[in-house]
Amino acid sequence: MIVVMSVGATEQEANDVRDLVKSAGLTPHDNYGTQRVVIAVLGDVGPQRDHLMSKLNLMPGVDSVTPISRPYKLASRESHPEDTVIELAGTKVGDGSLTIMAGPCSIEGREMMMETARAVVAAGATILRGGAFKPRTSPYAFQGLGIEGLLYLAEAGKETGLPTITEVMEPSQVEVVAKHSDILQVGTRNMQNYSLLTAVGKAGKPVMLKRGYGATIEEWLMAAEYIVSSGQPNVILCERGIRTFETYTRNTLDLTAVPLLHHLTHLPVVVDPSHATGKRWLVKPMALAAVAAGADGVMVEVHPKPDEAMSDGEQSLTFGQFEDMASAVKKIHQEVRTLTKDPFAMTGSVRAGGTSKH
Ligand code: PEP
Ligand code: MN
């Protein structure tokens, strides 16, 4: 449940609420990004729910007490009606602007990282990506440059002024990746690696959580809940395709996820058409469709010579293709914004409805 304090409530009144919640064996969790003090009650409330709700309702300084029907409490829009806006140096994610994350699949060396960074910033990228610790299907494939790669990414970010994002694969890497990168990426294969989710949640940096290739939207949001409940409110969700019977594409891009997530959660949503399709020529149309569907941004792979890339060359754009795609998505984004003032308004009915089995 969610306890909303009145505008003039004192800190003592809020503390009394927190104490009552704790005495019921539950955990009070302050919600960020809201005007008033809002305390989420976490844990299994069980049969004491009605009793606790009426007790809280009567406490001085309490404005309202409402149950949260979703199993993901902190990630739900019920608990946090305003969109989460993530502030990075020089850009914001989730504020209605268009986020364009771009860079190589793997950082292969200093020169290629710098060259790619200069090309993507010139074409309008707002966040720089590059893989240093690579999750590869084959143990014989290039595994990434590791810490050396992180240093090149950080240098390229500094030179171009772009915040950076890179994947972290295991809890032992979290500290070093958080030291060198502005956003931590959790990849599709690790979406349900709960010890990793908890570790990134404690690292003090925003996290981008990619959808597990076999995960439902609810499982994905439960994974986000691990991160938020571990202390990190700034989580970006990235739809990157799921596995279906279709083989022409690497994955099947589930664009329904975009408007659905905007209804279910306050967290920003971006789409990765590179890993979703696996084919360079499909990246632009799917990026356009993602932005038309209301995505807060896209993430795409770009390489100076895609045919020679050490990973994911088939889906990587050339600099020219990236420039073309970036200018097209910017136009679509402008167009979508002008169609209606608030095209993805989270108005009552859908938010209150839904199909949660819990
Ligand atoms: C990536 O973005 O580099 C990556 C490996 O993506 P995914 O986890 O979606 O496969
Ligand atoms: Mn890749």
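In each ligand, atom 1 is the first atom listed, and ligand 1 is the first ligand listed. Positions are given from 1, in the same order as the sequence printed here. Excluded from the calculations below are hydrogen atoms, water molecules and symmetry mates; all remaining heavy atoms, backbone and side chain alike, are included.
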Name of whichever N/O/S atom of Glu301 is nearest to the Mn ion (ligand 2): OE2
Heteroatom proximity flag, Glu167 to ligand 1, N/O under 3.5 Å: no
Asn193 versus Ser195, side-chain donor and acceptor atoms under 3.5 Å: yes
Of all N/O/S atoms in Asp312, the name of the one nearest the Mn ion (ligand 2): OD2
Atom 3 (O) of ligand 1 [closest protein heavy-atom partner, distance rounded to 0.1 Å]: Arg129 NH2, 2.8 Å
Short N or O distance, Thr188 and ligand 1, threshold 3.5 Å exclusive: yes
NZ/Lys92: more than 12 non-hydrogen atoms of other groups inside 6.0 Å: no
Short side-chain donor-acceptor distance under 3.5 Å, Glu78 and Ser69: yes
Heavy-atom gap Arg189 to ligand 1 smaller than 4.0 Å: yes
Nearest-neighbour protein heavy atom for atom 10 (O) of ligand 1, which is reported as residue plus atom name and distance: Arg240 NH2, 2.9 Å
Cation-aromatic face contact Arg243/Tyr213, 6.0 Å, 45 degrees: yes
Check: His275 and Arg250 side chains under 4.5 Å, non-hydrogen atoms: yes
Lys134: numbered ligand 1 atoms lying under 4.0 Å from its heavy atoms: 3 (O)
Note, Ile183 side chain near Leu88 side chain (heavy atom, < 4.5 Å): yes
Minimum heavy-atom distance Asn234-Gln232, with the two atoms named: N-OE1, 3.0 Å
Numbered atoms of ligand 1 (with element) below 4.0 Å of Gly187, judged on heavy atoms: 8 (O)
Donor-acceptor side-chain pairing of Glu108 and Ser106 below 3.5 angstrom: no
For atom 4 (C) of ligand 1, the protein heavy atom that lies nearest, with its residue and separation: His275 NE2, 3.5 Å
Heavy-atom nearest neighbour in the protein, as seen from atom 6 (O) of ligand 1, with distance rounded to 0.1 Å: Lys210 NZ, 2.9 Å
